[in-house]
Amino acid sequence: ETALGLRNELASWHHERGEHAAGLREPRPVLAAAAARQMQMPALLLPRQAQLLLGRVLAGEGEPAALAREAAALHESIRAEPRLSGPNRAEPLLQLARAALVLDPALAVRLAGEIEALPVLQHSAPLRSRLQQLQGALARQAGDLARSRTLLQARVAALDAVDEPVQAPRWRAQLDLASTLQRLGDEPALQAALARADALRPRLLPRPHPLDAWRAELARGATGAAPDAAF
């Protein structure tokens, strides 16, 4: 049981390093072990299925329309499971929302609204901060750049307030903010955000990393979507 639990942590570690194919290999043995033991409890299986789906999206495995249908079906299953509550409900919904940013933005909007309504959001600053990054990305997709800037600045400030070593989420959030600033055409703020992103890049992350390519695109003036949604 401990080894299976560690596989979930290892999957997150690989995805943070941009090693999405390696990250995708970890959840499958967990679900296979559950099937071998005839585990049928949705409250245990659904979060693992959401993690696997997100891994497939990040690794580029599968046809997007089929993955979008899987995401919608998982969303309905999670909504119908009353034994998922608090962080255990918020986490798979956030993972589905990360996948839906690429697959089905309308689903991502619905998920963001459901996450915002969860009671746990009232007293969990980390979850509120992650939701702000999701909402900031959605606002950028919708063309509401002023709202996107406000939300992403709040996400950056929340991560800055945590007294921890530089980690990938801070780097990712700063690049997310830079993407919105670029679309706003605020060149001084964009250059400051990019410089800060460079300072926040964790030294131990491998090169090249998908976010390095995004950083280079932002410097060239490209406005493409983020390579992943590591928030």
Side-chain angles (χ1 to χ4, degrees), residues 1-16 19-135 137-138 169 228-231:
E1 294 299 329
T2 300
L4 290 174
L6 288 173
R7 281 189 178 274
N8 294 326
E9 297 300 322
L10 189 56
S12 298
W13 182 79
H14 278 302
H15 287 308
E16 186 171 281
E19 299 163 345
H20 298 312
L24 183 56
R25 289 196 296 267
E26 301 303 329
R28 285 188 164 128
V30 178
L31 287 168
R37 298 176 190 185
Q38 298 183 331
M39 181 187 296
Q40 298 179 349
M41 187 179 295
L44 295 177
L45 293 175
L46 290 170
R48 293 168 179 175
Q49 291 168 350
Q51 182 187 36
L52 177 59
L53 177 64
L54 175 59
R56 291 173 64 198
V57 172
L58 293 176
E61 179 188 282
E63 197 272 321
L67 290 170
R69 290 192 293 271
E70 288 186 42
L74 262 177
H75 173 220
E76 291 304 317
S77 296
I78 291 171
R79 289 185 64 190
E81 178 46 64
R83 288 167 292 187
L84 277 175
S85 62
N88 292 331
R89 192 176 192 87
E91 187 62 40
L93 290 177
L94 278 166
Q95 290 177 333
L96 281 183
R98 287 171 58 184
L101 277 171
V102 178
L103 301 170
D104 184 353
L107 175 59
V109 171
R110 293 197 299 275
L111 285 161
E114 289 182 22
I115 296 164
E116 188 171 26
L118 293 176
V120 69
L121 266 289
Q122 300 301 315
H123 53 80
S124 175
L127 286 175
R128 285 199 305 273
S129 175
R130 290 169 65 192
L131 176 61
Q132 285 172 331
Q133 190 162 354
L134 167 63
Q135 292 171 323
L138 287 169
D228 62 57
F231 53 82

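Between the CG atom of L46 and the CG atom of N88 there is a distance of 11.5 Å, given to the nearest 0.5 Å. Expressed to the nearest 0.5 Å, how far NE2 of H75 lies from CG of L111 amounts to 4.5 Å. In this structure, CG in L10 is found 9.5 Å from CZ in R25, a value given to the nearest 0.5 Å. One distance of note links CZ of R130 with CG of L121; it measures 10.5 Å at 0.5 Å rounding. Note that the CG atom of L96 and the CD1 atom of I78 stand 4.5 Å from one another [nearest 0.5 Å].
Using a 4.5 Å cut-off on side-chain heavy atoms (C-beta onward), L74 and P92 make no contact. Put simply, the side chain of L127 reaches to within 4.5 Å of the side chain of L94, judged on heavy atoms.
The two residues L134 and A97 come nearest to each other via the heavy atoms CD2-CB, 3.6 Å. The nearest pair of heavy atoms linking V120 to A90 is CG1-CB, 4.4 Å. Shortest non-hydrogen contact noted between Q122 and R128 is O-NH1, 3.3 Å. Looking at every heavy atom in both residues, A112 comes nearest to Q135 through CB-CG, 4.5 Å. The minimum heavy-atom distance between L138 and P105, with the atom names listed, is CD2-O, 4.1 Å.
With sequence neighbours excluded, the residues that form a side-chain contact (heavy atoms from CB on, under 4.5 Å) with R69 are A65, A66. Residues passing the side-chain contact (heavy atoms from CB on, under 4.5 Å) test with A21: none are found, sequence neighbours excluded. Taking the salt bridge (charged side-chain N to carboxylate O under 4.0 Å, His left out) definition, one finds that R7 meets it with E26, sequence neighbours left out. In terms of the salt bridge (charged side-chain N to carboxylate O under 4.0 Å, His left out) criterion, residue partners of E76 (sequence neighbours excluded) are, by chain and number, R79.
For the salt bridge (Lys or Arg N to Asp or Glu O under 4.0 Å) condition, no pair includes a residue of residues 101-110, sequence neighbours left out.
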Atom pairs and distances, side-chain donor-acceptor, residues 50-60, under 3.5 Å, sequence neighbours left out:
{"residue": "Q51", "atom": "NE2", "partner": "N8", "partner atom": "O", "Å": "3.3"}
{"residue": "R56", "atom": "NE", "partner": "E61", "partner atom": "OE2", "Å": "3.4"}
{"residue": "R56", "atom": "NH1", "partner": "E70", "partner atom": "OE1", "Å": "2.9"}
{"residue": "R56", "atom": "NH1", "partner": "E70", "partner atom": "OE2", "Å": "3.2"}

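Proximity of a side-chain donor or acceptor of R83 to a complementary backbone N or O of L44 within less than 3.5 Å is not detected.
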Please lay out, stage by stage, how R89 and E114 fare under the test salt bridge (charged side-chain N to carboxylate O under 4.0 Å, His left out). CA-CA 10 Å; R89 192 176 192 87; E114 289 182 22; over 6 Å; no

